[in-house]
Amino acid sequence: MIKLGGPVEIAKKLVSLNSENPPGTRTQCGQYVFDFLKKLGLKPIKQFIDKEKFNVIVIGKGPLLVQGHLDTVQFGDAKKWKRNPAGEIREGKLFGRGSSDTKGNIACFLAALAENRKNGSGRRRQPSPISMIFTCVEENSFSAIQKAMKLRKTKLRHIKYSITIEPTNGKLISCNKGQYTFEITAQGKTAHASDPTKGINAIEKLVAVVPRIKSYEKQINKRSHKLMGRATLNIGIIKGGSAANIVPDSASMIIDRRVITSEKPQQVIKEMARAVRPLRSRLLRRIDPAETSSKSKIVKIMRGILAFEKMDAKIYGYRATAELSEIRKHGI
């Protein structure tokens with residue numbers, strides 16, 4: 001039996017339920033939200049993205065969708081945490097993995113939803129005016145929101161607007177950068193290190209293109225968006241070699257490229273290929289940037305709410321990525 005509570009109580013409960021991704025196979029968080037919504041008199045459904053993981057979805061009658069993700073990045077070494085990563089309240093603050101991204105945010109929404117239905121006359125037995133999607137996977141893949149958006153032509157065909165719940169410090173964010181992940185590979189020829197001239201060192205071939213990648217980085221840093229900031233790249237992973245006494249015959253690097261709305265997808269892909277030539281560049285993951293016009297009805301409404309509450313009503317940009325990118329693809 002689930003016990004309803006305020007936002008802090010709900011957030012602490014959600015944080016206590018491990019949903020680290022990877023592995024992303026624990027379902028307690030999703031089950032808690034499913035039961036919570038059911039207790040409010042709603043009709044949540046489970047949308048499985050594989051045999052274990054599921055999204056929690058409520059189909060509302062109005063044009064608004066509220067959406068957030070329940071998974072978190074990993075704890076890391078729990079011994080290095082100064083507070084309990086599974087949730088601890090100290091000095092009026094909730095500490096723990098997911099308290100900001102995004103369990104605390106979802107808790108605020110659930111508490112407000114419960115209060116709204118409690119105060120509404122007979123509302124607990126009525127359908128929700130708001131549709132909701134709580135995804136099980138977001139930190140390392142958009143597969144869950146992509147699965148949910150398969151309902152766009154059927155159960156979600158009436159949706160016009162959406163709010164993606166992310167840690168924004170109370171600020172209204174109307175756009176976010178895209179993220180393109182590239183793998184750069186170099187092929188060589190193995191040989192014993194006692195006579196390296198008989199081989200071709202793949203690591204050296206990889207290292208040779210780094211100055212050109214850095215030159216490309218300077219070039220894209222000049223591109224800027226007034227809300228998102230600059231286009232950027234980062235060399236995040238380099239792999240190669242098996243032993244010190246063997247000339248490596250293969251090596252690779254992973255590059256994270258953050259994209260702004262003025263950049264075209266094929267432009268970004270071609271530029272990366274040109275920057276690392278003659279090495280091979282392969283696009284592993286593509287999340288496009290997203291932007292909602294400041295003239296959009298939902299932006300105007302949200303600004304009005306913030307102004308009424310005497311909060312910051314300016315519009316800001318998000319330098320990270322969010323599921324908003326996938327939702328915007330479907331005309332929402």
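Side chains included, hydrogens not; waters and symmetry mates left out as well; all remaining heavy atoms used.
Looking at His225, its side chain never comes within 3.5 Å of a backbone N or O of Cys175 through a donor-acceptor pair. The backbone N or O of Ile332 sits nowhere less than 3.5 Å from a side-chain atom of His330 that would complete a donor-acceptor pair. Remark: side-chain polar atoms of Asn221 are paired, donor with acceptor, to backbone N or O of Ala231 under 3.5 angstrom. Between the Lys189 side chain and the Val247 main chain, no donor and acceptor come within less than 3.5 Å of each other. The backbone N or O of Leu70 sits less than 3.5 Å from a side-chain atom of Ser19, completing a donor-acceptor pair. Judged by distance alone, the side chain of Lys171 and the main-chain N or O of Lys314 form no donor-acceptor pair under 3.5 Å. Within the 3.5 Å criterion, the main-chain N or O of Ile89 finds no donor-acceptor partner in the side chain of Arg83. The backbone N or O of Glu138 sits less than 3.5 Å from a side-chain atom of Asp71, completing a donor-acceptor pair. In terms of modelled atom types and a separation under 3.5 Å, the side chain of Arg303 and the main chain of Ile315 share no donor-acceptor contact. Checked by atom type and distance alone, the side chain of Asp50 pairs as donor or acceptor with a backbone atom of Glu52 at under 3.5 Å.
Residues satisfying the side-chain hydrogen bond (donor to acceptor under 3.5 Å, both in side chains) criterion with Arg286, sequence neighbours excluded, are Tyr180, Asp288.
Counting non-hydrogen atoms of neighbouring residues, nucleotides and ligands closer than 6.0 angstrom, the NZ atom of Lys46 exceeds 12 such neighbours. Heavy-atom contacts from other residues, nucleotides or ligands closer than 6.0 Å to NZ of Lys160 number 12 or fewer.
A side-chain contact (heavy atoms from CB on, under 4.5 Å) with Leu172 holds for exactly one of Val299, Ile305, Asp312; it is Val299.
Expressed to the nearest 0.5 Å, how far CD of Gln219 lies from CG of Leu233 amounts to 10.5 Å. With values rounded to the nearest 0.5 angstrom, Thr190 atom OG1 is found 11.0 Å from Ile200 atom CD1.
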Please output the side-chain donor-acceptor pairs of residues 93-100 that fall under 3.5 Å, not counting sequence neighbours, one pair per line with the distance.
residue	atom	partner	partner atom	Å
Arg97	NE	Gln74	O	3.1
Arg97	NH2	Gln74	O	3.1
Ser99	OG	Gly96	O	2.8

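Salt-bridge formation is detected for the pair Glu271/Arg223: a Lys NZ or Arg NE/NH1/NH2 atom is positioned less than 4.0 Å from an Asp or Glu carboxylate oxygen. Salt bridge absent: Glu217 and Lys222 never bring a charged side-chain N and a carboxylate O closer than 4.0 Å.
With 3.5 Å as the limit, one finds a donor-acceptor pair spanning the side chains of Asn21 and Asn140.
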